[in-house]
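These values consider heavy atoms only, across backbone and side chains, with no hydrogens, waters or symmetry-generated copies.
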2 protein chains.
Amino acid sequence: MSVDETDAVEPLSAAGKPLTKRGEATRTRLLEAAEHVFAELGYHEASIVRITERAGIGLGTFYLYFDSKQAIFEALAIDLNRRVRHAMSDEMAGATTRIEAERAGFAGFFRFTAEHPALYRVVRESEYVSPGTMRLHYQRIVEGYEEGLRAAQAEGDVDPGLDPEVTAWTLMGIGELIGMRYLLWERPEGQVPRLPDGVFESVMRVVRNALAPGEERR
Amino acid sequence: MSVDETDAVEPLSAAGKPLTKRGEATRTRLLEAAEHVFAELGYHEASIVRITERAGIGLGTFYLYFDSKQAIFEALAIDLNRRVRHAMSDEMAGATTRIEAERAGFAGFFRFTAEHPALYRVVRESEYVSPGTMRLHYQRIVEGYEEGLRAAQAEGDVDPGLDPEVTAWTLMGIGELIGMRYLLWERPEGQVPRLPDGVFESVMRVVRNALAPGEERR
DNA sequence: CCATAACCTGAATCGGGTTTCAGGTACGCA
DNA sequence: TGCGTACCTGAAACCCGATTCAGGTTATGG
């Protein structure tokens with residue numbers, strides 16, 4: 001699951017110039033503020049003023065770092081995408097079988113979702129704000145997934161009759177709706193939620209069934 | 001799968017008065033126009049003027065039928081929800097085994113999605129416009145689903161180790177992302193798209209694997 | 001300790017869309 | 001054919017926030 005290739009990160013100003021330490025810090029504060037504000041209010045209710053206020057920065061300063069409201073939204077979406085993919089692949093690092101990898105990947109995804117509800121809010125809303133960005137998000141996740149499934153099929157870990165691309169999309173769909181239902185809808189006042197163990201195990205059972213080759217089942 | 005109980009439909013004006021034939025027709029034209037306009041532009045880009053123009057109706061008339069832009073959006077979301085559930089349950093009517101029912105339900109869902117891309121656009125965006133409406137949508141679908149799975153477990157058609165609620169959400173997730181990817185992203189210029197057979201069969205294989213009790217697999 | 005880049009500021013401009021309102025128009029029943 | 005009810009209309013009032021701009025402030029290295 002090649003996560004790093006895609007992600008060259010060098011912070012630039014709106015004009016495309018490289019930034020000094022100070023500038024970079026300001027840019028980061030804007031992105032952090034944007035994560036909270038967009039997550040709380042959604043794109044249209046959110047305003048630049050709120051973002052800059054939360055960042056403790058003057059309104060005009062915003063435009064030194066981003067061309068527009070849409071631009072910071074896209075930057076944030078891409079940043080969240082990079083971070084969730086890293087969260088997943090970090091977690092999967094030690095896995096030996098495919099099902100172990102799936103379990104770890106899902107765990108990483110759910111953990112990240114719990115800690116960063118903005119992921120959902122921003123990615124799902126990007127469909128309306130910046131469709132290309134949304135596609136990028138899903139495609140980047142599916143890519144690695146598909147690759148992993150194909151390899152696991154070669155190993156005999158996964159039902160060889162499954163189409164890796166389609167299967168990758170189904171698995172992503174499972175993660176998406178389960179996360180939405182059990183992590184975003186039931187959010188204990190101000191706490192980071194946790195997927196109930198029973199739910200996680202149930203999901204993994206569905207996934208195991210779906211992928212298992214031959215007749216194994218427990 | 002009790003679809004009808006939920007759906008009492010009697011068209012009212014914004015003031016809550018019942019409507020004559022003429023009024024009802026106007027209301028319907030507004031909803032139809034809204035379906036297209038919201039699907040094409042999304043909530044915020046869409047404007048009342050565009051909706052009324054498309055409906056061939058004066059701007060002011062709009063407010064005789066709906067309190068606000070948000071109100072027609074919600075009405076449309078609820079209408080689409082009702083229609084997609086009917087599409088699914090109609091298709092499932094003849095099925096005898098659970099897997100047949102799943103196949104039929106998915107087919108109905110995909111057909112409806114292909115014909116009414118507004119379903120996705122509106123339901124997914126309702127998360128930002130009217131969160132309660134979105135939850136209603138998913139919950140209403142899951143409800144019937146869960147019930148069906150429980151019954152199928154009793155019949156021995158479905159792995160008894162699965163949690164019906166969680167499983168219902170995973171299946172809905174599968175449908176959602178597959179529909180998005182293969183029906184909304186690849187939309188032949190102005191034609192109603194169709195899920196490639198290969199994709200449909202692959203999805204059904206995942207579903208069959210996921211639900212199958214014991215060791216059967218083909 | 002000065003020069004010069006890099007960075008910061010927020011009042012004012014500007015554009016756009018929802019909603020209201022004051023006044024018509026069509027339909028159907030006596 | 002007259003009259004009340006239900007329906008229709010679009011110009012203008014109103015609200016709101018993204019973006020610009022003319023001019024400060026801070027850091028750094030010579």
Quiz prompt | Spacing of A:Y63 atom OH relative to C:dC7 atom P, expressed in whole Å | solution = 19 Å

Quiz item: Whole Å only: how far is the NE2 atom of A:H44 from the P atom of C:dT18?
Solution: 12 Å

Self-check item: A:R103 vs A:E201, salt bridge (Lys or Arg N to Asp or Glu O under 4.0 Å): CA-CA, chis, key distance, verdict
Solution: CA-CA 9 Å; A:R103 167 176 280 267; A:E201 291 308 329; 2.8 Å; yes

Quiz item: Of all the nucleotides listed (C:dT19, D:dA18, D:dT9), which has the minimum atom distance to the side chain of B:L59?
Solution: C:dT19

Exercise. Choose from D:dC7, C:dT18, D:dA18 the nucleotide whose nearest atom is closest to any side-chain atom of B:L64.
Key: D:dC7

Practice problem: Round to a whole Å and report the spacing from NZ of B:K21 to C1' of D:dC8. | Solution: 20 Å

Self-check item: Toward the 5' end of DNA chain C, by each residue's nearest nucleotide, B:R22 or B:D67
Solution: B:D67

Quiz item: Is A:E186 close to A:L195 at the side-chain level, that is, under 4.5 Å between some pair of heavy atoms?
Solution: no

Quiz item: Would one find a side-chain N or O of A:T20 under 4.0 angstrom from OP1 or OP2 of C:dC7?
Solution: yes

Exercise. Tell me what A:G60 touches on the nucleic acid: a base, only sugar-phosphate, or nothing, going by heavy atoms under 4.0 Å.
Key: base

Self-check item: Distance below 4.0 Å between A:T26 side-chain N/O and C:dC8 OP1 or OP2
Solution: yes

Practice problem: Check the distance between D:dA18's P and A:Y43's OH and give it to me in whole angstrom. | Solution: 8 Å

Quiz prompt | Nearest-Å distance for atom pair CZ/C1', residues A:F38 and D:dG17 | solution = 13 Å

Quiz item: When rounded to the nearest 0.5 angstrom, what is the spacing between CD in A:E143 and CD in A:E165?
Solution: 10.5 Å

Quiz prompt | Nearest-Å distance for atom pair CD/C1', residues B:E53 and D:dC8 | solution = 16 Å

Quiz prompt | Residue A:T61, side-chain atoms from C-beta onward, closest of C:dC8, D:dC7, D:dA18 | solution = C:dC8

Exercise. Please work out if A:A46 contacts a base, only the sugar-phosphate, or nothing of the nucleic acid, heavy-atom cut-off 4.0 Å.
Key: sugar-phosphate

Quiz prompt | Verdict with supporting geometry, B:E176 and B:R124, salt bridge (Lys or Arg N to Asp or Glu O under 4.0 Å) | solution = CA-CA 10 Å; B:E176 169 132 347; B:R124 288 176 66 98; 2.7 Å; yes

Exercise. In whole angstrom, give the distance that lies between atom CD1 of A:I57 and atom C1' of D:dT26.
Key: 14 Å

Exercise. May I have the distance from B:K69 (atom NZ) to D:dC15 (atom C1'), rounded to whole angstrom?
Key: 14 Å

Quiz item: Does a side-chain N or O from A:Y65 land closer than 4.0 Å to OP1 or OP2 of C:dC8, or not?
Solution: yes

Practice problem: Taking only the side-chain heavy atoms of A:S47 (C-beta and beyond), determine which of D:dG17, D:dC8, C:dT18 contains the nearest atom. | Solution: D:dG17

Quiz item: Do the charged groups of B:R111 and B:E115 touch, with an N to O distance under 4.0 Å?
Solution: no

